[in-house]
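Have a look at the structure below, then the notes.
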Amino acid sequence: MTETLFSKIIRREIPATVVYEDDEVLGFKDIAPQAPVHVLFIPKNHIIPTLDDLTADQAHLIGKLALAAAEYARREGFAQDGYRIVMNCREDAGQTVFHIHMHLLAGAPLGHFGSPGK
């Protein structure tokens with residue numbers, strides 16, 4: 001497994017504002033938020049560089065990330081207004097840390113999704 005910035009956050013070697021944690025998932029605030037609420041959800045026990053590297057026997061991890069994001073949204077009271085979850089795969093899609101993760105964005109109207117080149 002390759003060491004990542006997120007690995008260090010999981011081990012608490014780098015500080016992060018953790019807002020969700022269970023046995024398999026860690027959720028923490030993004031340091032460069034793109035919305036009033038911007039939380040990253042990552043698998044704690046697997047370092048998988050990109051979604052494209054995910055294997056069939058690891059597919060359940062994506063569900064765990066999505067369920068954690070939904071639980072957090074309900075707990076924090078913005079699920080009814082809506083939120084967006086996003087996964088980027090590789091550089092052209094905006095992935096900067098190569099440890100799969102799911103972004104949760106909320107807290108304001110997010111508009112239509114996708115504006116290539118902007």
Side-chain angles (χ1 to χ4, degrees):
M1 288 190 193
T2 305
E3 180 75 9
T4 70
L5 174 70
F6 292 170
S7 303
K8 293 179 181 182
I9 290 172
I10 291 166
R11 292 191 307 265
R12 306 306 203 264
E13 294 171 3
I14 295 175
T17 304
V18 174
V19 297
Y20 179 93
E21 186 168 14
D22 64 24
D23 290 342
E24 297 182 78
V25 176
L26 185 70
F28 54 93
K29 292 184 178 182
D30 194 297
I31 62 169
Q34 303 298 303
V37 176
H38 188 168
V39 176
L40 303 178
F41 291 87
I42 63 172
K44 290 170 49 176
N45 305 315
H46 297 83
I47 300 174
I48 302 162
T50 73
L51 187 59
D52 201 43
D53 297 306
L54 191 73
T55 62
D57 65 318
Q58 298 168 322
H60 70 283
L61 295 171
I62 303 306
K64 299 257 184 192
L65 298 178
L67 288 171
E71 181 180 323
Y72 176 76
R74 287 189 302 272
R75 184 182 78 208
E76 295 301 307
F78 55 80
Q80 290 289 14
D81 291 334
Y83 57 95
R84 179 176 292 158
I85 58 173
V86 177
M87 290 186 77
N88 301 321
C89 184
R90 304 198 193 281
E91 293 89 349
D92 281 0
Q95 185 177 5
T96 58
V97 178
F98 290 87
H99 182 141
I100 61 167
H101 55 285
M102 185 174 285
H103 297 257
L104 178 145
L105 302 142
L110 298 173
H112 295 287
F113 186 75
S115 297
K118 292 186 180 180

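What's counted below: heavy atoms across the whole structure, side chains too, no hydrogens, waters or symmetry copies.
Ring geometry for His103 against His38 counts as tilted: the plane angle lies between 30° and 60°, on a 0 to 90° scale.
Judged by distance alone, the side chain of Asp23 and the main-chain N or O of Lys44 form no donor-acceptor pair under 3.5 Å. Distance alone, capped at 3.5 Å, places no donor-acceptor pair between the His101 side chain and the Asn88 backbone.
The salt bridge (charged side-chain N to carboxylate O under 4.0 Å, His left out) test applied to Glu13 returns Arg11, not counting sequence neighbours. Here Arg74 pairs with nothing under the salt bridge (charged side-chain N to carboxylate O under 4.0 Å, His left out) rule; sequence neighbours left out. Partners of Glu24 under the salt bridge (charged side-chain N to carboxylate O under 4.0 Å, His left out) rule, at least two apart in sequence or in another chain, are Lys64.
Taking both residues in full, the closest heavy atoms of Asp52 and Cys89 are given as N-SG, 3.7 Å, listed atom of the first, atom of the second, then distance. Shortest non-hydrogen contact noted between Pro36 and Gly107 is CG-O, 3.6 Å. Nearest heavy atom pair, residue Ala32 against residue Gln34, reads O-NE2, 3.0 Å. The heavy-atom pair separating Ala35 from Leu105 by the smallest distance is CB-CD2, 3.9 Å. Considering all non-hydrogen atoms of both residues, Leu104 and Ala69 come closest at CD1-O, 3.4 Å. Phe98 and Arg90 get closest at one heavy-atom pair: CE2-CA, 4.0 Å.
Atom CG of Asp81 is separated from atom CG of Leu110 by 11.0 Å, given to the nearest 0.5 angstrom. One finds the CD1 atom of Ile42 at 7.0 Å from the OG1 atom of Thr4 (value rounded to the nearest 0.5 Å). Remark: Ile31 CD1 to Leu5 CG distance equals 7.0 Å, nearest 0.5 Å. Rounded to the nearest 0.5 angstrom, Ile14 CD1 and Phe6 CZ are separated by 10.0 Å. With rounding to the nearest 0.5 angstrom, the CG atom of Asn45 is 10.5 Å from the CG atom of Leu26. To the nearest 0.5 Å, atom CD of residue Gln95 and atom CD1 of residue Ile100 are 9.0 Å apart.
Between Leu51 and Ile62, the closest side-chain pair of non-hydrogen atoms falls below 4.5 Å. You'll find the side chain of Tyr72 reaches within 4.5 Å of the side chain of Phe78, heavy atoms only. In this structure, the side chains of Tyr20 and Val39 stay at 4.5 Å or more apart for every pair of heavy atoms. Residues Ile48 and Gln58 have side chains in contact (heavy-atom distance under 4.5 Å, counting atoms from C-beta outward). Using a 4.5 Å cut-off on side-chain heavy atoms (C-beta onward), Ile85 and Phe41 make no contact. Val97 has its side chain out of reach of Leu40: every pair of non-hydrogen atoms, C-beta onward, lies at least 4.5 Å apart.
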I'd like to know whether His99 forms a side chain to side chain contact (heavy atoms under 4.5 Å, CB included) with Ile10, so could you lay out the CA-CA distance, the side-chain angles of the two residues, the decisive distance to 0.1 Å, and finally the verdict. CA-CA 12 Å; His99 182 141; Ile10 291 166; 3.9 Å; yes
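Phe28 and Leu65 sit in two unconnected hydrophobic clusters of ILVMFWY residues. Membership requires side-chain heavy atoms under 4.5 Å apart, directly or through other members. Under a hydrophobic-cluster definition in which Ile, Leu, Val, Met, Phe, Trp and Tyr are linked whenever side-chain heavy atoms come within less than 4.5 Å, directly or via other members, Ile9 and Ile47 are assigned to different clusters.
Side-chain atoms of Asp57 and Thr55 include a donor-acceptor pair closer than 3.5 Å.
Contact check on Glu21 versus Arg12 returns a salt bridge, with a Lys/Arg side-chain nitrogen under 4.0 Å from an Asp/Glu carboxylate oxygen.
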